[in-house]
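In what follows, chains carry the letters A, B, and so on, assigned in the order in which the sequence lines appear, proteins first and then strands, with residues in each chain numbered from 1. Hydrogens, waters and symmetry mates play no part in the numbers below; they use all other heavy atoms, side chains included.
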Amino acid sequence: MNEEKLIDAMSYISDELIEETDRARSKRALPFPASVAAAFCIMILGILLLYPALSNSTLIFTEMINTEETNGPPEADNSVLPSTDDITVTDKTEVTLKLSVTSIYKDHFTAFIPSEGVEVESIHGEGQTVVYFDENSLNYAELKEGDTVTAVCLVDSDGNYVLKEILD
Amino acid sequence: MDDKRIVELYWQRDELAICKTSEKYEKYLTKIATNILENAYDAEESVNDTYLAAWNSIPPHRPATLKTYLSRLTRHISIDILRKKSSKKRGGEYAISLSELSSLTSPDSPEKSLDAKILSERINDFLKALPKKKRRAFIGRYYFLDSVKDIAKYCGMSEAAVKTLLFRLRDDLRQYLKKEGFDI
């Protein structure tokens with residue numbers, strides 16, 4: 001096969017596909033750093049909106065402490081996640097991440113890590129944050145685009161994330 | 001002026017059609033030509049030839065989308081200009097994207113076995129099966145010959161992610177074409 005024929009063949013791709021790409025080209029999505037800034041602003045806005053609920057949680061927590069003084073320590077509830085933060089370092093090599101699923105494919109999926117402000121794929125990529133997804137630990141059929149999942153990941157020696165377990 | 005009206009001017013053989021085309025699409029077409037030729041003078045020549053080609057081909061054609069029709073003309077003409085010069089030297093995004101696509105090919109394969117239109121049908125099928133973002137990146141790179149930097153901007157990705165994505169897509173396309181019986 002001749003590569004110039006491939007370039008020629010690209011000339012015959014359908015109008016519909018060309019127009020779709022052309023619309024994206026003319027709209028010009030936010031530049032990558034701006035996308036990160038936008039994601040950060042959305043996070044701040046989310047925290048502000050959740051503030052009344054968080055204050056209420058503080059009251060409940062205070063009540064729990066008071067109860068603890070009189071009734072002794074409550075039993076540990078392992079079903080509660082350790083933090084509302086997007087990223088929680090539990091030890092030197094393990095982190096809990098919130099991932100927002102953006103696309104699902106046959107053998108992998110892509111996800112957005114709000115705390116990192118980047119989209120990642122279940123592949124190794126040059127110079128990018130990477131999440132490796134082990135097919136055995138995840139049923140793709142249960143995932144939908146837009147889902148938010150919490151995952152425990154190990155951090156490898158290059159600073160990449162390796163999926164250990166999906167928590168929800 | 002809307003595209004239907006401009007096409008109507010071509011059909012009436014009114015030279016105002018070329019002025020209106022130039023007013024509306026010169027910048028757009030120059031970008032496509034410049035991506036391929038990387039030379040302002042050649043790009044200008046390509047765009048002027050595009051107007052002439054449009055004048056000569058409308059009628060009999062009545063393009064449903066004038067912008068896309070013009071982009072095809074500019075792409076064809078620019079590639080032709082570049083090929084004429086290729087015996088001397090190749091350059092620009094065309095040369096880079098060409099060298100990237102060359103990883104799909106085998107120099108020993110007989111060219112006779114290839115029909116660009118049949119190949120393009122398979123490529124169309126391949127592209128239609130892709131998620132939008134990946135499709136846009138691939139078409140941006142190999143149809144519009146956009147730079148990785150530009151693609152990163154309009155796809156909202158980092159340049160490294162775009163490079164990785166394009167690498168994977170070329171590999172997927174190679175596998176797909178092989179499965180479809182193309183000798184690659």
Are [Y] and [X] linked, directly or through intermediate hydrophobic residues, by side-chain heavy-atom contacts shorter than 4.5 Å (ILVMFWY only)?
{"X": "Tyr12(A)", "Y": "Ile123(B)", "result": "no"}
{"X": "Trp11(B)", "Y": "Leu52(B)", "result": "no"}
{"X": "Phe167(B)", "Y": "Tyr143(B)", "result": "no"}

Working to the nearest 0.5 angstrom, can you tell me the gap between [X] [atom1] and [Y] [atom2]?
{"X": "Asp22(A)", "Y": "Ile32(B)", "atom1": "CG", "atom2": "CD1", "value": "6.5 Å"}
{"X": "Ile139(B)", "Y": "Ser14(A)", "atom1": "CD1", "atom2": "OG", "value": "7.0 Å"}
{"X": "Glu121(B)", "Y": "Ile13(A)", "atom1": "CD", "atom2": "CD1", "value": "13.5 Å"}

Under the side-chain hydrogen bond (donor to acceptor under 3.5 Å, both in side chains) test, which residues partner Thr21(A), sequence neighbours left out?
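Listed in chain order: nothing, the list is empty.
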
Apply side-chain hydrogen bond (donor to acceptor under 3.5 Å, both in side chains) to Asp15(A) and list each qualifying residue two or more places apart in sequence or on a separate chain.
Arg72(B)

Is there side-chain contact between [X] and [Y], with at least one heavy-atom pair below 4.5 Å?
{"X": "Arg25(A)", "Y": "Arg136(B)", "result": "no"}
{"X": "Ile18(A)", "Y": "Phe144(B)", "result": "yes"}
{"X": "Ser120(B)", "Y": "Met10(A)", "result": "no"}
{"X": "Glu19(A)", "Y": "Lys67(B)", "result": "no"}

Of the listed Thr68(B), Leu127(B), Asn124(B), the one with the largest count of heavy-atom pairs under 4.5 Å with chain A is Asn124(B)

Hey, is CD on Glu15(B) packed in by over 12 heavy atoms from elsewhere, all under 6.0 Å?
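No, CD of Glu15(B) has 12 or fewer neighbouring heavy atoms, counting only those of other groups under 6.0 Å.
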
If you look at every heavy atom in Lys132(B) and Glu20(A), which pair is closest and at what distance?
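Of all heavy-atom pairs spanning Lys132(B) and Glu20(A), the closest is CG-OE2, 3.7 Å.
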
Sort Tyr28(B) into side chain, backbone, both or neither according to what part of it lies under 4.5 angstrom from a heavy atom of chain A.
side chain

